[in-house]
Amino acid sequence: MNFGLSGRRYLVTGANSGIGRAIAEALARQGATVAIHYLPATQLPDGAAHTALGEAAAVEVAEAIKERGGIAETLAADLSNESDILGLVPAAEALVGPLDGLINNAAACEFPDTVIEADFGRYRRHYDVNLAAPALLMSSFANSVMSGRRPNGRIVNNSTDSARAFPGQVFYGTSKAALEAMTRTAAMELGPHGITVNAIAPGPVQTGYIDAALEAQVIPTIPMRRLGTPDDIAGAALFLLSDASAWITGQVIQVAGGHAI
């Protein structure tokens with residue numbers, strides 16, 4: 001399917017693995033230029049639930065895209081650091097040119113993350129990366145679009161389908177719920193400037209963290225009886241970045257095979 005994205009430019013955060021990688025590669029297959037953001041692996045905090053693969057993985061993604069004739073560049077930033085966040089959109093535009101879209105995919109996810117075991121540091125890391133960083137990146141991107149007098153822009157935020165209630169991951173789940181609220185607010189503010197803001201709420205997606213025991217536990221809760229793949233999420237992102245969604249904004253689209261309806 002041709003989404004009409006050829007020649008456009010996008011920044012994807014956390015694009016060196018999992019869902020972010022799938023979105024970056026899908027955009028490149030459409031003829032878009034992609035700025036691949038990554039967190040240096042040395043900056044991964046203790047207790048993180050997923051692996052930040054670092055620069056080598058980002059370069060691998062970029063090289064794979066280039067081998068297929070696409071255009072991609074890599075850039076590092078710690079999304080818990082204000083100066084890194086504020087510099088990311090300008091750095092991406094210096095590499096690939098004025099951005100047409102922003103995909104806020106990177107997230108912090110740490111364990112333990114229960115109410116009983118809550119601590120301030122874990123709260124800050126989740127909310128800094130999962131809410132403050134997307135908010136500041138949306139601001140930076142929107143200001144770039146408006147100052148460049150571009151007619152429109154697209155923002156896609158990645159949430160989770162369990163944002164309404166996520167026992168056992170209190171800061172992760174609530175930070176994603178806040179991101180969904182931020183998506184609606186940003187859509188209302190940025191709509192007059194031609195910028196759409198939507199979110200995707202993935203269900204259980206196999207990015208390497210779901211082992212056989214957890215899969216057996218989760219599958220019966222999914223009406224379509226399979227785990228999601230990163231490409232399932234990438235397909236929704238392409239739609240939301242395309243002109244086909246030009247009058248869709250402020251929405252949270254659940255891509256979950258019916259999980260957590």
Side-chain angles (χ1 to χ4, degrees), residues 1-38 57-77 87-106 134 137-158 183 186-187 190-200 230-251 253 255:
M1 183 180 297
N2 186 346
F3 286 90
L5 305 180
S6 181
R8 299 184 186 181
R9 305 172 183 91
Y10 299 93
L11 167 62
V12 185
T13 66
N16 60 339
S17 65
I19 291 171
R21 175 172 185 162
I23 293 172
E25 292 181 333
L27 285 168
R29 287 194 296 271
Q30 292 286 320
T33 298
V34 188
I36 297 168
H37 158 264
Y38 66 93
V59 171
E60 179 190 342
V61 177
E63 290 303 317
I65 287 173
K66 292 174 183 177
E67 287 174 5
R68 293 191 290 267
I71 305 172
E73 300 290 345
T74 64
L75 66 168
L88 187 54
V89 167
E93 295 196 322
L95 284 173
V96 303
L99 294 172
D100 296 285
L102 165 69
I103 300 89
N104 282 310
N105 168 75
L137 289 172
M138 284 192 285
S139 174
S140 184
F141 171 71
N143 277 288
S144 174
V145 171
M146 293 159 59
S147 64
R149 295 181 175 83
R150 301 197 290 281
N152 54 57
R154 299 280 186 271
I155 298 174
V156 175
N157 298 320
N158 264 353
T183 295
L190 300 181
H193 303 287
I195 301 170
T196 66
V197 189
N198 293 289
I200 297 172
D231 285 338
D232 289 322
I233 312 306
L238 292 181
F239 167 69
L240 291 173
L241 294 168
S242 75
D243 292 341
S245 64
W247 213 45
I248 298 174
T249 196
Q251 301 304 301
I253 298 180
V255 185

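We number each residue from 1, following the sequence as shown.
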Practice item. Verify, without hydrogens or angle tests, whether Asn198 (side chain) and Gly250 (backbone) share a donor-acceptor contact under 3.5 angstrom. Key: yes
Exercise for review: Report yes or no: does Thr249 contribute a side-chain atom to a donor-acceptor pair with the main-chain N or O of Val197 at less than 3.5 Å?
Suggested key: yes
Study note, to complete from the structure: Shortest non-hydrogen pair, Gly14 vs Ala106, comes out as N-CB, 3.7 Å
Revision key, fill the gap. d(Ile71 CD1, Leu27 CG) to nearest 0.5 Å is 12.5 Å
Review point. Closest heavy-atom contact between Glu25 and Ala64?
Key: OE2-CB, 4.4 Å
Practice item. Would you confirm whether Gln30, through its side chain, and Leu238, through its main-chain N or O, come within 3.5 Å as a donor-acceptor pair? Key: no
Check your understanding: Nearest heavy-atom pair of Leu240 and Ser245: which atoms, and what distance?
Key -> O-OG, 2.9 Å
Check your understanding: Which heavy atom of Thr13 sits nearest a heavy atom of Asn105, and at what distance?
Key -> OG1-N, 2.8 Å
Revision key, fill the gap. One should read off an interatomic distance between Tyr10 OH and Leu102 CG, to the nearest 0.5 angstrom, of 11.5 Å
Check your understanding: At what distance, to the nearest 0.5 angstrom, does CG of Leu11 lie from CG of Leu99?
Key -> 6.0 Å
Revision key, fill the gap. When rounded to the nearest 0.5 Å, the distance separating CZ of Arg8 from OG1 of Thr33 is 12.5 Å
Check your understanding: Any side-chain donor-acceptor pair under 3.5 Å between Arg150 and Ser144?
Key -> yes
Review point. Is a side-chain donor or acceptor of Ser242 paired with a backbone partner of Phe239 at a separation under 3.5 angstrom?
Key: yes
Check your understanding: Does Val12 offer a backbone N or O that forms a donor-acceptor pair with the side chain of His37 under 3.5 Å?
Key -> no
Review point. Should the pair Glu73-Arg9 be classified as a salt bridge under the 4.0 Å nitrogen-to-oxygen rule?
Key: no
Point to revise | Option among Ile23, Ile19, Val156, Ile103 that satisfies the side-chain contact (heavy atoms from CB on, under 4.5 Å) test with Ile200 | key: Val156
**Study point:** Minimum heavy-atom distance Ala35-Leu75, with the two atoms named
**Key:** CB-CD2, 3.9 Å
Review point. What's the shortest heavy-atom distance between Ala186 and Met138, and which atoms?
Key: CB-SD, 4.0 Å
Practice item. Identify, with sequence neighbours excluded, every residue that meets side-chain contact (heavy atoms from CB on, under 4.5 Å) alongside Ala58. Key: Asn16, Ile36, Tyr38, Thr74
Review point. Between Thr196 and Gln251, is any pair of side-chain heavy atoms under 4.5 Å apart?
Key: no
